[in-house]
Enquirer: 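Take a look at this one; I'll ask things after.
The sequence lines fix the lettering, A, B, ..., with proteins before strands; numbering per chain opens at 1.
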2 protein chains.
Amino acid sequence: MSAEIDESARRRPTRAEAKARTRRLLLDAAARVFARKGFAGASVEEIAESAGFSIGALYSHFGGKEALFLALMAERGLGRVAEATHTLERHGAGTGETAAELGRLLVHTADEDTDFAPLQAEFWLYAVRNPHVLDTMATALREPHQALEGLIGSWLAERGAPPEVGAASVASVVAALFQGLVRQRRIAPDSVPEELFGQALIWLFTGIGRGAAATTADQD
Amino acid sequence: MSAEIDESARRRPTRAEAKARTRRLLLDAAARVFARKGFAGASVEEIAESAGFSIGALYSHFGGKEALFLALMAERGLGRVAEATHTLERHGAGTGETAAELGRLLVHTADEDTDFAPLQAEFWLYAVRNPHVLDTMATALREPHQALEGLIGSWLAERGAPPEVGAASVASVVAALFQGLVRQRRIAPDSVPEELFGQALIWLFTGIGRGAAATTADQD
DNA sequence: GTCTATACAGGGATAGAC
DNA sequence: GTCTATCCCTGTATAGAC
């Protein structure tokens, strides 16, 4: 995990580096504990101990429990979603290969990165309950959402989609679908097989490509 | 809300009726408070007072905070989703009219029934964190999910979808999409316009009807 | 910067009166 | 059945030592 740190830095960490390391370890621990116990259910003691420090260190770096939570939200708003989007850029649109890739992404998020979805849910709940952090949340979401939007814009162009179809709307649909399926898989895995996400996107993009218009009745 | 109770019952409520009424009021209050404060953040005192009773009454009807929460989960697992599905049965598949109806359903759920989504999130988090209630949650979900599945089965048949397309999978996709869009709308309303849910379903069903197969590459 | 010790508040649960 | 009073644990936050 810290293999990238070069030798000199490892031998003589400066105070600033040590401080930054403590901060990072506290944030990692906070992500784990908040995901597993929730914001209200988590105690600062458990977070500090899980990071290998004491309560005092936590209060020194962050003002308290809420400040720590908000810092986490700002720094890791959407986890590794940016990377995932980048991965997808290597592929075309709606092919079987992309679908398989997306299936693996969903399975990994739901079954292996088990802290991701609960932490996202905690962030969402906190934002909904505290209107003054709604903006923070919306801001954290904007960047990855726009990355997805750009990617989808290319896909739409490749497939010759009608110009009325906005990439932003399609991006919202894709993101909603992903989050919804991940959560559903956690409580009823059988109802969300690995291929479903990719399959749904194929359906979606096929439908868009075939010019199903907004207010138009079906063509039967 | 209690307009259906006949006159005689209103004049002389038996002890059993009074008890049932207290229980219902406590459950209503619990739904409100749990939605607004979360499971850990809610206090039994606030729930009891919000219902117009004291802590003692709550402990008499339910064993405690957790038992109350679980009772709520079992009784209202998915809120008014069953009714919503029933509403949709009055319409055909993928028409502009149905789309408009679905848009209104989403807007109502996101903007007006403001306690719904947070309460669902609390249920989900609790189930994910306490494996022994995962079954309870899955069970509460099965019935409405099957209703949706039946509805979608008819739609698929009407539109002449390929037989490989399973109604269960499509139902998962539709449910995931709905939940995802509702949550997204709460933090960034502009990114989820009223028509989006209906529009997405039109895309989806058009794609399915045009025979976009699972592992088949696109037909360009 | 990080630790230990402590003050202080909040809330879950129970006992007994009515 | 419902209420009031109380016990006791947990957890946040702070103060001062090193």
Enquirer: To the nearest 0.5 Å, tell me how far B:Trp124 CH2 sits from B:Leu134 CG.
Expert: 10.0 Å
Enquirer: Where along residues 50-60 of chain B does a heavy atom fall under 4.0 Å from DNA chain D?
Expert: B:Phe53, B:Ser54, B:Gly56, B:Ala57, B:Ser60
Enquirer: Roughly how many Å is it from NE2 in A:His61 to P in D:dA13, rounded to a whole number?
Expert: 17 Å
Enquirer: Reading DNA chain C in the 5' to 3' direction, which nucleotide is the first one with an atom under 4.0 Å from a heavy atom of chain B, and which is the last?
Expert: C:dG11 to C:dT14
Enquirer: Distance check needed: D:dA13 C1' versus A:Phe62 CZ, whole Å only.
Expert: 17 Å
Enquirer: Would A:Asp28 and A:Arg76 pass as an ion pair if we require N to O under 4.0 Å?
Expert: yes
Enquirer: Once rounded to the nearest 0.5 Å, what's the spacing between atom CZ of B:Arg32 and atom CG of B:Leu119?
Expert: 12.0 Å
Enquirer: Looking at A:Ser169, is its backbone amide N or carbonyl O close enough to the side chain of A:Glu149 to form a donor-acceptor pair, meaning the two atoms are under 3.5 Å apart?
Expert: no
Enquirer: Given 3.5 Å as the limit, does a donor-acceptor pair link the side chain of A:Ser172 with the main chain of B:Ser191, or not?
Expert: yes
Enquirer: Please tell me if the side chains of B:Arg129 and A:Arg36 come closer than 4.5 Å, counting only heavy atoms from C-beta onward.
Expert: no
Enquirer: Pull out every residue in residues 36-45 of chain B that has a heavy atom closer than 4.0 Å to any atom of DNA chain C, ordered by number, or say none.
Expert: B:Ala42, B:Ser43, B:Val44
Enquirer: Any donor and acceptor pair, going by atom type alone, linking the side chain of B:Glu46 with main-chain N or O of B:Ser43 inside 3.5 Å?
Expert: no
Enquirer: Distance check, rounded to the nearest 0.5 Å: A:Phe116 atom CZ versus A:His108 atom NE2?
Expert: 11.0 Å
Enquirer: Between CG of B:Leu156 and CG of B:Leu151, what distance do you get to the nearest 0.5 Å?
Expert: 10.0 Å
Enquirer: Look at the aromatic rings of B:Phe39 and B:Phe69 and report parallel, tilted or perpendicular, splitting at 30° and 60°.
Expert: tilted
